[in-house]
J.: 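Below you'll find the structure I mean.
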Amino acid sequence: MALLPILRYPDPRLHTVATAVAEVDEQVRQLVDDMLQTMYESDGVGLAATQVDVHRRVIVMDTSEQRDQPRVLINPELVKISDEMMVGEEGCLSVPTIYDAVPRHARVTVRALGRDGQPYEFDAEGLTAVCVQHEMDHLLGKVFVEYLSPLKRERIKTKMLKKAREEQKAR
Ligand code: GNR
Ligand code: NI
């Protein structure tokens with residue numbers, strides 16, 4: 001297992017479109033395990049491979065209270081989405097300290113491959129539905145701040161660059 005460094009917005013690599021996994025082999029299982037460790041260590045509810053600079057369609061999530069229900073989504077697809085939308089406060093490990101409202105489908109049905117390479121489906125609502133949509137956006141190169149106004153996005157960009165400079169100085 002290994003802790004992986006997480007890319008920070010506005011890193012241009014966050015806008016890379018991930019490609020499908022052809023086969024769930026040992027290398028993919030290693031990536032999944034490293035991503036799970038990184039997600040738990042960072043107290044995130046989800047992590048997309050894009051965020052650790054691996055541009056394959058791989059997501060890990062755990063939206064359980066006890067943080068003991070890891071989910072692995074390889075080549076995820078939304079097979080059903082509700083017309084009903086909801087707006088929740090989102091954050092992102094790639095945009096630390098920033099939280100804002102994003103509209104999402106209230107309910108989704110997801111099909112994906114698990115860590116064992118077998119296809120499975122599940123219905124999600126609430127935080128799990130939000131998280132699936134947030135993570136699938138990452139795989140398309142999209143960060144949640146892109147749903148905000150250009151003015152807010154510019155302010156966030158400036159704040160993140162300043163924060164990165166200060167962290168650099170402190171090292
Ligand atoms: O940890 C996370 N929390 C969160 C809260 C509300 C909506 C989405 C998320 S995902 C985020 C982890 C992350 O950045 N995943 O890409
Ligand atoms: Ni994120």
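Note that ligands are numbered from 1 as they come in the structure, with each ligand's atoms numbered from 1 the same way. Remember, it's a predicted structure, so these values are computed and weren't measured experimentally.
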J.: Below the 2.8 Å mark, what number of protein N, O or S atoms do you get around the Ni ion (ligand 2)?
T.: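 Atoms of protein N, O or S type lying less than 2.8 Å from the Ni ion (ligand 2) total 3.
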J.: Do the charged groups of E154 and K157 touch, with an N to O distance under 4.0 Å?
T.: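 So E154 pairs with K157 through a salt bridge.
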J.: Would you please name every residue forming a side chain to side chain donor-acceptor pair (under 3.5 Å) with D62, sequence neighbours left out?
T.: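 Result, side chain to side chain donor-acceptor pair (under 3.5 Å) vs D62: Y40, S64.
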J.: Ignoring hydrogens and geometry, is there a side-chain-to-backbone donor-acceptor pair from E146 to V143 under 3.5 Å?
T.: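 Yes, the answer is positive, given that a donor and an acceptor are paired below the 3.5 Å cut-off.
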J.: Can K142 be said to sit on top of Y147's aromatic six-ring, NZ or CZ under 6.0 Å from centre and within 45° of the ring axis?
T.: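 Yes - K142 lies over the ring of Y147, closer than 6.0 Å to its centre and within 45° of its axis.
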J.: Taking the basic N atoms (NZ, or NE/NH1/NH2) and the acidic carboxylate oxygens, is any pair closer than 4.0 Å for R29 and E26?
T.: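 A salt bridge is present here (some side-chain N lies under 4.0 Å from a carboxylate O).
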J.: Quick check for you: to the nearest 0.5 Å, what is the distance between L140 atom CG and H15 atom NE2?
T.: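 Those atoms lie 13.0 Å apart.
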J.: Check whether any side-chain heavy atom of V108 lies under 4.5 Å from a side-chain heavy atom of Q133, and answer yes or no.
T.: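 When only atoms from C-beta onward are counted, Q133 and V108 do touch, with a gap below 4.5 Å.
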J.: Write out each pair where an N or O from ligand 1 and one from the protein are under 3.5 Å apart, with the distance.
T.:
residue  : atom   : partner : partner atom : Å
ligand 1 : 1 (O)  : V45     : N            : 3.0
ligand 1 : 14 (O) : Q51     : NE2          : 3.3
ligand 1 : 14 (O) : L93     : N            : 2.8
ligand 1 : 15 (N) : G46     : O            : 3.1
ligand 1 : 15 (N) : E135    : OE1          : 3.2
ligand 1 : 15 (N) : E135    : OE2          : 2.7
ligand 1 : 16 (O) : Q51     : OE1          : 2.8
ligand 1 : 16 (O) : Q51     : NE2          : 3.3
ligand 1 : 16 (O) : H134    : NE2          : 3.1
ligand 1 : 16 (O) : E135    : OE1          : 2.6
ligand 1 : 16 (O) : E135    : OE2          : 3.1
ligand 1 : 16 (O) : H138    : NE2          : 2.9

J.: Under a 4.0 Å threshold between the charged nitrogen and the carboxylate oxygen, would D33 count as salt-bridged to R115?
T.: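 Salt bridge present between R115 and D33.
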J.: Give every residue pair that meets the salt bridge (charged side-chain N to carboxylate O under 4.0 Å, His left out) criterion with at least one member in residues 68-91, sequence neighbours excluded.
T.: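 Of all non-adjacent pairs touching residues 68-91, those that pass salt bridge (charged side-chain N to carboxylate O under 4.0 Å, His left out) are E84-R107, E90-R104.
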